[in-house]
Amino acid sequence: MNLLAPYRDLKVREFTTSWRSPANIAFVKYWGKKGHQLPANPSLSMTLKECVTETKVIFTPAEKLSVELKLAGKSETKFAEKIHKYLQSLESDLPWLKRLAFQIETKNTFPHGAGIASSASGLSAFALCLAEYMEKDQHFYRRASFLSRLASGSACRSIYGGFTTWGDDSDEYASPLKVHPELSYLHDAVVIVSSAEKSVSSRAGHERMKEHPFAEARFVQAGKNYQLMKSAMLAGDLEVMGNTLENEALSLHAMMMTSPDAFILFGPESLRVMAEVRQFRRDSKIPLYYTLDAGPNLHLIYPPSVKAAADAFINSLGLSVIFDSVGEGPVKC
Ligand code: PMV
């Protein structure tokens with residue numbers, strides 16, 4: 001189904017809307033693309049609750065496409081240029097974009113420099129505004145996910161609350177996954193090891209998978225891990241979920257470390273926390289597992305039944321932490 005085709009001949013008009021959209025953490029990682037912004041393997045993620053972006057967009061008819069963007073009240077040309085390029089990339093399907101001026105006001109609830117990627121929350125919030133400008137019909141969320149994917153792959157999974165898959169039902173948009181009640185509420189404590197900017201962007205990282213000697217093996221492994229993870233989530237098997245989660249985090253970073261132009265995004269502090277988490281789990285039998293995004297910070301995942309003991313351990317690490325959990329997905333605000 002071409003989700004944009006019905007909107008090719010839309011008339012431009014004044015319109016204002018705002019959406020709040022969350023970040024997500026991948027349990028099975030998307031790393032490597034095919035075709036036009038399609039994933040080389042399926043992925044599965046948990047949508048967060050506290051780490052969100054709130055975005056207001058004012059659409060005004062104009063002579064040509066323009067984008068003004070304020071992040072937390074300050075003009076941000078870099079992000080405005082990114083959105084401008086993104087909108088230009090949609091012009092062949094949506095020619096009316098050429099006749100709109102966009103005024104965007106956006107802010108993140110998570111602290112700047114927390115090492116949490118704002119692209120999934122930020123670009124999904126913008127895509128929701130654009131999808132609503134088109135129509136709020138029964139395909140609205142699917143269209144918003146499709147539009148998010150074209151801006152940043154992982155953003156397409158932020159459109160739904162709970163758990164989300166991408167590259168299983170469809171490569172073009174994400175779908176919600178209803179998991180076993182035992183695993184439907186999980187905590188994610190984001191342990192901040194470093195808040196420095198990433199040295200290699202995700203875009204460049206995906207690109208490096210094209211020449212990667214282990215790419216094919218990784219896509220096969222990711223496919224298997226996806227099936228394992230999905231079955232574990234449906235069956236409520238915390239141990240298989242946790243072991244697969246850690247395997248995915250290490251595999252993602254192994255890809256970075258063995259790519260033709262190799263790079264390493266974590267350091268000794270990340271390794272210390274990974275080792276301590278494993279030791280704590282062995283000693284206490286408490287199911288606390290780690291994952292990493294494309295960066296050095298750890299996401300520690302655990303169920304509510306062990307919250308007190310897990311939080312005490314996490315606080316003892318001596319690092320700053322954002323205590324988050326599974327969230328219900330975007331809201332119009
Ligand atoms: O959405 P992108 O292009 O920034 O890629 C993100 C990839 C990872 O965050 C590393 C993994 C994932 O699936 O979210």
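Numbers here are sequence positions counted from 1. Whatever order the structure lists them in is the order used to number ligands and atoms, beginning at 1.
- Not a single heavy atom of S43 lies less than 4.0 angstrom from ligand 1.
- Protein heavy atom at the shortest distance from atom 1 (O) of ligand 1 is S154 OG, 2.6 Å.
- On a distance-only criterion, D293 and ligand 1 share at least one N/O pair closer than 3.5 Å.
- Protein heavy atom nearest atom 11 (C) of ligand 1, with residue, atom name and distance: Y30 O, 3.5 Å.
- Considering backbone and side-chain atoms together, S152 places an N or O closer than 3.5 Å to an N or O of ligand 1.
- The salt bridge (Lys or Arg N to Asp or Glu O under 4.0 Å) test with R281 is passed by exactly one of E246, E276, E239: E246.
- Using a 4.0 Å cut-off to heavy atoms of A26, the atoms of ligand 1 that qualify are 12 (C), 13 (O), 14 (O).
- Sorted by first and then second residue, the pairs that involve residues 215-233 and meet salt bridge (charged side-chain N to carboxylate O under 4.0 Å, His left out), not counting sequence neighbours, are D168-K230, R218-E248.
- Close approach of ligand 1 to G153 (heavy-atom distance below 4.0 Å) involves ligand atoms 1 (O).
- Shown are T291, D293, N41; of these, the side chain to side chain donor-acceptor pair (under 3.5 Å) with K29 is made only by T291.
- Residue V220 belongs to no hydrophobic cluster, having no ILVMFWY side-chain heavy atom closer than 4.5 Å to its own.
- Using a cut-off of 4.0 Å between Lys/Arg side-chain N and Asp/Glu carboxylate O, R272 and E269 are scored as salt-bridged.
- When all heavy atoms are compared, the tightest approach of T106 to F79 is CG2-CE2, 4.4 Å.
- When H206, M256, R203, R157 are ranked by how near their heavy atoms come to atom 3 (O) of ligand 1, first place goes to H206.
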